[in-house]
Amino acid sequence: MTVFGKPLRARFAGAALLAIASAVPVLALAQSYPSRPIKMVVPFAAGGSVDVLGRVIADKVSLALGQPVVADNRIGANGTIAHQMVASAPPDGYTIGMSGTSPLVLAPHQYKSLPYDSRRDFTYLACAGTTPFVLDVNPALPVKNVRELVAYAKANPGKLNFGSAGLGNSAHLSAELFKQVTGSDMVHVPYKGNALAMADLVSGQIQVLFDPVQTSLPQIRAGKVRPLAVTSKTRFAELPDLPTVAESGYPNYEFVVWYAFIAPAATPAPVVARLNSEINKVLRDPEVKARFAALGANLTESTPGECANFVRSEYAQWGKLFTDLGIRPE
């Protein structure tokens, strides 16, 4: 029997040789990678929870790979400088980055022009975990739980002010989502940074703040703010008596920020698979999980495909909220 003028046996033999030949470079790459140090670009300041997580991952992955994974903090422009570095790096596995909610799915809806496209310019190595916010109020506000806050906001429209680190940032959107779900009426007061918003919450200049658990904990323990709920679906281990917003009567509400590891688009699949495997090993290490649970981070594993699908879903969800709020890119 012949196919297109060639014997079938010859066709199969040719195909087999072609498959073997094409597999050789892939196998060689998988076996030789990495042969030199890897740079991990971190878009956040040294000492923060994301930076600490990145360095823990880098140290442990370095041991597994036999090459240093060096954290490189490139802060500025809300993470866009660091992400541009990763997007424009050679797709060879020697430049990777830490990322998360704001630069990947919020910034594209905030700014008309970004030096990267989060849907096109990156390969997603792994989604690493989530961190909730705490719904805090000034202690002078006469509310003790979420339902009382919602009732107060409805009875006093426009009289409650909530702060955030700026228009369209995660703290702002967590509060806007809360307003949508609960029908509350509160006024947004944007600040140039979360620390300034927290200072004004403590002083009573604003009454409400959705704040990351890491920065809320010291103020809560000092009695300077009153926590009403945590924004994740499950409770925070360091505040076991604090209910979630969902438990408080609003099951459709959930807000967490998340972390992801990225590489330039077109990074070879064997390299992506190797990095994903080593990152996931660290993320399921019981000691690492316990360490970050105390900081409010719930570490989780994912495949590259699962992470990419998650980011696309988040991109669409928050894009819709920006549209609903009438926030136009600047």
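It should be emphasised that the depicted structure is a prediction, and the values quoted were computed from it without experimental measurement.
Pro304 is not listed as a side-chain neighbour of Tyr124, based on a closest heavy-atom distance of 4.5 Å or more. Under the 4.5 Å side-chain criterion, counting only non-hydrogen atoms from C-beta, Ile262 is not in contact with Leu125. You'll find the side chain of Val288 reaches within 4.5 Å of the side chain of Leu299, heavy atoms only. For the pair Val56/Phe292, a side-chain contact is recorded, criterion being any heavy-atom separation below 4.5 Å from C-beta on. Between Met186 and Val208, the closest side-chain pair of non-hydrogen atoms falls below 4.5 Å. In this structure the side chain of Phe133 reaches within 4.5 angstrom of the side chain of Ser170, judged on heavy atoms. The side-chain heavy atoms of Thr182 and Tyr253, taken from C-beta on, include no pair separated by under 4.5 Å. Side-chain contact between Met40 and Asp72 is absent, with no heavy atoms from C-beta onward closer than 4.5 Å.
In this model, a donor atom of one side chain and an acceptor atom of the other lie less than 3.5 Å apart for Tyr94 and Ser35. In the model, Arg226 has no side-chain atom that pairs as donor or acceptor with a side-chain atom of Asn145 under 3.5 Å.
Checking side-chain atoms of Asp121 against main-chain N and O of Pro264 turns up no donor-acceptor pair under 3.5 Å. In terms of modelled atom types and a separation under 3.5 Å, the side chain of Ser62 and the main chain of Pro68 share no donor-acceptor contact. Judged by distance alone, with hydrogens and angles left aside, the side-chain atoms of Asp211 form a donor-acceptor pair with the main-chain N or O of Ser216 at under 3.5 Å. Of the possible polar contacts, none joining the Asp136 side chain to the Gln207 backbone as a donor-acceptor pair under 3.5 Å is found. Although no hydrogens or angles enter the test, the distance criterion places a donor-acceptor pair under 3.5 Å between the side chain of Ser248 and the main chain of Thr244. When atom types are taken as modelled, the side chain of His109 and the backbone of Tyr315 share a donor-acceptor pair closer than 3.5 angstrom. Ser313 places no side-chain N or O within donor-acceptor distance of the main-chain N or O of Asn309, the cut-off being under 3.5 Å. Looking only at distances, no side-chain donor or acceptor of Tyr259 sits under 3.5 Å from a matching main-chain atom of Cys127. Panel note: side chain Arg74, backbone Pro43; no donor-acceptor pair is recorded below 3.5 Å.
Between Ala260 and Cys307, the shortest heavy-atom distance links the atoms CB-SG, 4.2 Å. Scanning all heavy atoms of the two residues, the minimum distance from Pro268 to Pro91 falls at CD-O, 3.1 Å. Thr123 and Ala265 get closest at one heavy-atom pair: OG1-CA, 3.5 Å. Shortest non-hydrogen contact noted between Leu167 and Gln110 is O-NE2, 3.0 Å. Considering all non-hydrogen atoms of both residues, Ser302 and Asn276 come closest at O-ND2, 2.8 Å. Of all heavy-atom pairs between Val256 and Pro132, the closest is CG1-CA, 4.0 Å.
The pair Asp285-Arg291 fails the salt-bridge criterion, with no side-chain N (NZ, NE, NH1 or NH2) lying under 4.0 Å from an Asp/Glu carboxylate O. Under the 4.0 Å criterion applied to side-chain N and carboxylate O atoms, Glu301 and Lys281 are not assigned as salt-bridge partners. Ion pairing between Arg221 and Glu238 holds under the 4.0 Å rule for side-chain N and carboxylate O. Residues Glu278 and Arg274 are paired through a salt bridge, judged by an N-O separation under 4.0 Å between the basic side chain and the carboxylate.
Under the 4.5 Å side-chain heavy-atom criterion for grouping Ile, Leu, Val, Met, Phe, Trp and Tyr, Leu160 is connected to Val181 within one hydrophobic cluster. Using a 4.5 Å cut-off between side-chain heavy atoms of Ile, Leu, Val, Met, Phe, Trp and Tyr, with links allowed through other members, Val41 and Ile279 fall into different hydrophobic clusters. There is no path of hydrophobic side-chain contacts, each under 4.5 Å, that joins Val86 to Met98. Side-chain heavy atoms closer than 4.5 Å link hydrophobic residues (I, L, V, M, F, W, Y) into clusters, and following such links, even through other members, never connects Ile96 to Val311. When the side chains of ILVMFWY residues are joined at heavy-atom separations under 4.5 Å, either directly or via intervening members, Met85 and Ile38 end up in two distinct hydrophobic clusters.
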With side chain to side chain contact (heavy atoms under 4.5 Å, CB included) as the test, would you mind laying out the steps for Leu106 and Asn169 before giving the verdict? CA-CA 7 Å; Leu106 301 186; Asn169 86 323; 5.7 Å; no
Begin from the C-alpha positions of Leu321 and Ile327 and carry the test side chain to side chain contact (heavy atoms under 4.5 Å, CB included) through to its verdict. CA-CA 9 Å; Leu321 185 58; Ile327 302 176; over 6 Å; no
When you look at Phe210 and His172, which way does the ring-ring contact (aromatic ring centres under 6.0 Å, His included) test go after all the steps? CA-CA 8 Å; Phe210 285 76; His172 175 208; over 10 Å; no
Evaluate the side chain to side chain contact (heavy atoms under 4.5 Å, CB included) criterion for residues Asp59 and Leu63: first the C-alpha distance (whole Å), next the side-chain angles of each, then the deciding distance (0.1 Å), finally the verdict. CA-CA 7 Å; Asp59 289 346; Leu63 295 174; over 6 Å; no
Please walk me through it: do Lys320 and Asp324 pass salt bridge (Lys or Arg N to Asp or Glu O under 4.0 Å)? CA-CA 6 Å; Lys320 181 180 183 304; Asp324 291 346; 2.9 Å; yes
Could you walk me through whether Val61 and Phe261 pass side chain to side chain contact (heavy atoms under 4.5 Å, CB included), step by step? CA-CA 13 Å; Val61 170; Phe261 289 89; over 6 Å; no
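Within a 6.0 Å sphere centred on NZ of Lys289, other residues, nucleotides and ligands contribute more than 12 heavy atoms. When the shell of 6.0 Å around NZ of Lys179 is examined, it contains more than 12 heavy atoms from other residues, nucleotides or ligands. Few gaps surround CZ on Arg284; more than 12 heavy atoms of other groups in view lie less than 6.0 Å from it. The 12-atom threshold is exceeded at CG of Leu325, counting heavy atoms of other residues, nucleotides or ligands nearer than 6.0 Å.
Here the straight-line distance linking atom CH2 of Trp318 with atom OG1 of Thr101 works out to 8.5 Å at 0.5 Å rounding. Interatomic distance, Asn298 CG to Thr234 OG1, rounded to the nearest 0.5 Å: 6.0 Å. Rounded to the nearest 0.5 angstrom, Asn161 CG and Asn138 CG are separated by 11.5 Å. Residue Leu275 holds its CG atom at 8.5 Å from OG1 of Thr267, rounded to the nearest 0.5 Å. How far CZ of Phe44 is from CG of Asp51: 10.0 Å, rounded to the nearest 0.5 Å. One finds the OG1 atom of Thr300 at 8.0 Å from the CZ atom of Phe310 (value rounded to the nearest 0.5 Å).
Leu242 forms part of a hydrophobic cluster together with Val134, Val189, Tyr191, Leu196, Met198, Leu201, Val202, Ile206, Leu209, Val213, Leu217, Ile220, Val225, Val230, Phe236, Leu239, judged by ILVMFWY side-chain heavy-atom separations under 4.5 Å.
Proximity of the aromatic rings of Phe162 and Phe178 is defined here by a centroid distance below 6.0 angstrom, and this criterion is not met.
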